[in-house]
Amino acid sequence: MIAMKIPFSYIFRNLWTRKLTTFLTASGMALVVFVFAAVLMLDAGLKKTMVGTGSLDNVLLIRAGSETEIQSGVSREQAALIEALPQVARSQTGDPMISKESMVLISLVKSGQDKGSNVVTRGVSPMGLELRPQVRMIEGRMFRPGSSELVVGRSINREFDGAQIGQTIRFAQREWTIVGVFDAGNSAFDSEIWGDVEQLMQAFRRLNYSSTLIKLASSDRYDSMVADVKADVRLTLDAKREQLFYEDQSRALSAFITILGNVLTVIFSIGAMIGAAITMYSSVAMRTAEIGTLRALGFRRPSILAAFLSESLMLGLVGGVVGLFFATFLQAITISTLNFQSFSQLAFSFTLTPKIVVITLIFAMVMGFVGGFLPALRASRMRIVDSLRAA
Amino acid sequence: MNPPLVEIRNLVKTYTRGDQAVPVLRDISLNIERGDFISLMGPSGSGKSTLLNLIAGIDKPTAGILRIDGEDISKLTEGELADWRASNIGFIFQFYNLMPVLTAYENVELPLLLTNLSKAERRERIEMTLGMVGLTERMDHYPNELSGGQQQRVAIARAIVTDPTILVCDEPTGDLDKQSATDVLNMLKELNDRLGKTIIMVTHDAHAAEAARRMVHLEKGELLDG
Amino acid sequence: MRPKQRGAWSISRRVSCSTAEHNPRPMYFLKLIFKNVFRAKLRTLLTLSGLVVAIVAFGLLQTVVGAWFAGANASSDARLVTRNAISLVFPMPTYYRERIRSIEGVKLVSYSQWFGGIYKEPQNFFPQFAVDHNTYFDIYREFIVPPEQLLAFKRDRQGALVGRKLAEQFGWKVGDVIPIRGTIFPGTWQFTIRGIFDGKDETTITRQFFMQWEYINEDIKRRFPRRGDQIGVFNILIDDPSRAADVAKAIDTEFRNSLAETLTETEKAFQLGFVAQSEAIVIAIRIVSFVVIFIIMAVVANTMAMTARERIAEYATLKALGFSPGYVAALIFGEAMVLSLVGAGVGILLTFPIASAFAASPAGAAFAVFRLTPETVGLQVVCALIVGVVAALVPGWRSARVKIVDGLRHVG
């Protein structure tokens, strides 16, 4: 009993001989793989952005019942009460690590559009920067407290014509000068504009903050802090870990991308598998005599099955590699769109992770396998005499 | 004296394979008279099929004169050649080359589609021709429902339905059993005898060649006799 | 001058043959094409199912994109929307209304406020607006409410008017009390449905919920005095749509340098503003809808390529018989066209029930209007035609060009 295997080069050459068909089938698969990978990358990018936005040790407090910072309001008295909580970390100088913030949406016009898009403009306390170590200035300088100066996130700087250093933005009866650009490590802060909280509140004639952000003295004191906030009737606030808060903020968008992406992938892969099946059926039909010859030479049915399945798997793999190759270029693209939940612009990039590479290649091979299985079965079931006669 | 129907002078055909020129026919001269039935014989690679293709107007010579019925067909354009074939040549192939999706009747009708005959006129001719080859009963059958000999008879009907000047046959019996081959050869003979069809047949089967009035042998692209 | 011997069955008249002027015999040609299409049944079936899936997917994706523009499509040229120039989340004082009304060209002024509440679960999202109950439905005539229901809504401070689609989604009837938890306006609010409105036509969005702004305002004023008498947008009906730009400018000039500067635009521009904000998604869906067509193009082209290759000997025979290369190419084109049009036909027929089923599903309920438009169907047909042509291009060209001698040798 010799297990005779059909050489790999035979499989490869068969694909190579019929270049047009192989090319068309593989490109169909490559396109499907591309879309599949793109959806995964988009979702990964969105998650990475939102997770990267918050720190686990920070706690964001907003008015109970409000879903976003925009809808929320925190009074100065409430902010003072929070400041005094024992769970709040202290800086080296002994100050409580809290940033009282005010958030508004202003409408700015994106490059190449004529309609305004909502941009988060956040007033932060001096401590605000320390609470977000991922934020660093990359151009210009930080705004001076007490001035009508603003700094813009990297994405804002890139996507809006009017957000360059030295330019002014007019709102709330004041001219605001942009003095710097910051990089927030691909987090949602990259899609924000920051200024001095007191100045912004004055301009907008606000008495209440939108939210307060504190750093926990230690991560495990989160539960006790939530309990303390709940216990105090004056604090009608919800406390949430910053990381979780931002993850929740993108839940609808993420669900939208995932659902749409999955539906598309299923539909597309049906098309691609049909393409593979057509190709493989024709491959079998055209090589009937060859199959007969191989069988006459002593190759067994499983070998024939394996040969045709490998051919189809290879087709899938080629499509997968090509699709993935083109998908890697997507990493250079940043998408800026409306986050339905926060009603403001959010920029995120296609992100390729090793996991996505593996999933995508498996997906491509599965497409090849499913598409090639029935034709391969037909090939292996042919009777030697019949197939030889077809010569 | 009438000029010969097919007049071949110093005909040369060369194929290029890669960057190498391969001569297939070297300096062939041959006359074929109207009403003749010749068989082109020779080992494979001798150029007999190439010569047949040239006369049939489905291939073009590299050099030389190829005049048929007074017309130099090597000078015709692709389109003119197609029209010329439609009215002058009837083809019979080794593997019949019938359209598998068409019935015997429809296969025979095919060349008539290129004429201005009305449907009724076509029907008349097709039925007559199929009667000639003895397939009246089978005219609604598809090729895969017919035996090899029957298929070749449909092909003969298709070849003569337009009443062409020349019938070209490429190994017409090559794929048939002995009885069917004899039937087909008898039919060709009859077409030649009774209707005066000029027939040019390529074969390497000596038995088949005997049906012809004249044999022409080729070897390595040259005529052995005239 | 053809000295020819003729038999009894031979033909007296020499037939004239010319492909240049020959009658294409369309019936025969079509018959040949149809027979060829269904020759390799399995392959044709597979290709057709691929086409059907692609055409349906394309139609649905285009409809999703269309749903994005539902607001813009439902808007009227005769209406303007005034909002705070900073952004939509900033309100304006309600007293602006009187000043807007005094501007020339303005016919009626109403106002509305995004309520943004949650009905039971956040997933149950639907738009809620607190409106001026006295004037809002005079401006929005496309909401058709039975007069007695409108009157009942106006009389009940806690009344609500809901659209047909929304009422059907949650099984609401007139008289039901609907609790809604406010996110912008704190607290849980109870509204009694006093009427259910229908849309004037299919473009009208009836997945909406309206309540009285006065009720919200009084409550908020009591709890948060500073937030009272503030409104999100003014909805303005103008006399002459052609003067929209001038009127809008006059309104914005009126409030220049005031505490809340305004931005006034036509309703359509206002709605398109929302679309523009999520333009990236719209573009992505659009691209993807064409990618699906590309994929199927590759599949059909592959089918045609294989078909043509298998039939090279047949096409060569046809050419040897005197058929022109164009005829052979036309056969392949015809076959590709039949294939793609049959696929498109089935696909389009299936798109209608699938779109309705989707619109009725929970996922489809998220779209205000989910309607298959004639334009989408037209696009599906165009795509199918393009797929057919492109798929036949290379095989058709190859088969037309193949040398007869080479083609004949290809006998299997």
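These numbers were taken from a predicted model, which means no experiment stands behind them.
Ala301(C) touches chain A through backbone and side chain together, each having a heavy atom under 4.5 Å away. Contact annotation for Leu31(A): both backbone and side-chain heavy atoms come within less than 4.5 Å of a heavy atom of chain C. For Arg398(C), the part sitting under 4.5 Å from any heavy atom of chain A is the side chain, from C-beta outward, and nothing else. For chain C, the nearby part of Arg170(A) is the side chain; its heavy atoms alone come within less than 4.5 Å. Interface residue Ser258(C): only backbone heavy atoms are found under 4.5 Å from chain A. With a 4.5 Å cut-off on non-hydrogen atoms, Leu253(A) touches chain C through its side chain but not through its backbone. Contacts of Ile296(C) with chain A are absent, with no heavy-atom separation under 4.5 Å from either backbone or side chain. For Val275(C), no part lies near chain A; criterion is any non-hydrogen pair under 4.5 Å. With a threshold of 4.5 angstrom between heavy atoms, Val89(C) approaches chain A through side-chain atoms but not through N, CA, C or O. Within the 4.5 angstrom heavy-atom criterion, only backbone atoms of Ser336(A) (N, CA, C, O) approach chain C. For a residue to count as touching a neighbouring chain, one of its non-hydrogen atoms must lie under 4.5 Å from one of that chain's; by this rule Leu51(C) does not touch chain A. Heavy atoms of Val32(A) lying under 4.5 Å from chain C belong to its backbone as well as its side chain. Looking at Ile169(A), there are no atoms closer than 4.5 Å to chain C (heavy atoms on both sides), in backbone or side chain. Using a 4.5 Å cut-off between heavy atoms, Ile285(C) contacts chain A through its side chain alone, with no backbone atom that close. Heavy-atom distances place both the backbone and the side chain of Ile278(A) under 4.5 Å from chain C. Heavy-atom distances place both the backbone and the side chain of Arg206(A) under 4.5 Å from chain C.
Here the side chains of Ile118(C) and Glu67(A) are in contact, with some heavy-atom distance below 4.5 Å. Between Ile274(A) and Thr47(C), the closest side-chain pair of non-hydrogen atoms is not below 4.5 Å. Residues Arg378(A) and Leu42(C) are in side-chain contact: their nearest non-hydrogen atoms beyond the backbone lie under 4.5 Å apart. Between Gln277(C) and Thr337(A), the closest side-chain pair of non-hydrogen atoms is not below 4.5 Å. Side-chain contact check for Leu46(C) versus Tyr281(A): some heavy-atom pair is nearer than 4.5 Å. Contact check for Phe34(A) versus Val291(C): no side-chain heavy atoms found under the 4.5 Å cut-off.
For the atom pair Thr303(C) OG1 and Leu24(A) CG, the distance stands at 9.5 Å (nearest 0.5 Å). Here the CD1 atom belonging to Ile184(C) is positioned 12.0 Å from the OG atom belonging to Ser72(A), to the nearest 0.5 angstrom.
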query = Are Thr183(C) and Gln71(A) close enough, and set up right, to give a side chain to side chain donor-acceptor pair (under 3.5 Å), and what steps lead you there?
reply = CA-CA 7 Å; Thr183(C) 58; Gln71(A) 297 164 346; 3.3 Å; yes

ask   = Given Thr25(A) and Asn302(C), is the side chain to side chain donor-acceptor pair (under 3.5 Å) satisfied, shown in steps?
value = CA-CA 7 Å; Thr25(A) 314; Asn302(C) 186 21; 2.9 Å; yes

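Shortest non-hydrogen contact noted between Thr279(A) and Met306(C) is CA-SD, 4.0 Å. Between Ser87(C) and Ser107(A), the shortest heavy-atom contact is CB-N, 3.8 Å. Summarising the geometry of Gln113(A) relative to Ala276(C), their closest heavy-atom pair is NE2-O, 3.4 Å, with the distance given to 0.1 Å.
Looking at Lys110(A) and Glu279(C), no side-chain N of the basic residue comes within less than 4.0 Å of a carboxylate O on the acidic one, giving no salt bridge.
Annotation: maximal heavy-atom pairing with chain A below 4.5 Å, among Ser278(C), Gly273(C), Ala260(C), Ala284(C), occurs at Ser278(C). The most heavy-atom pairs under 4.5 Å with chain A, out of Ala57(C), Ala40(C), Pro186(C), come from Pro186(C). Highest contact tally toward chain A, considering only Gly182(C), Ser289(C), Ala280(C), is held by Ala280(C) [criterion: heavy-atom pairs under 4.5 Å]. In terms of heavy-atom pairs under 4.5 angstrom with chain C, the leader among Thr22(A), Val104(A), Asn339(A), Val263(A) is Val104(A). For chain A, the option among Leu61(C), Val300(C), Asn257(C), Ile281(C) with the highest count of heavy-atom pairs below 4.5 Å is Ile281(C). Heavy-atom pairs under 4.5 Å with chain C peak, among Phe268(A), Phe171(A), Phe23(A), Phe343(A), at Phe268(A). Among Ile335(A), Ile267(A), Asn118(A), Leu20(A), the residue making the largest number of heavy-atom pairs under 4.5 Å with chain C is Asn118(A).
The environment of Phe224(C) atom CZ is dense: over 12 non-hydrogen atoms of other residues, nucleotides or ligands sit within 6.0 angstrom. By the neighbour-count criterion of 12 heavy atoms within 6.0 Å, atom CZ of Phe256(A) is densely surrounded, having more than that number from other residues, nucleotides or ligands.
The aromatic rings of Phe204(A) and Phe90(C) lie parallel to each other, with less than 30° between the two planes, well short of the 60° mark.
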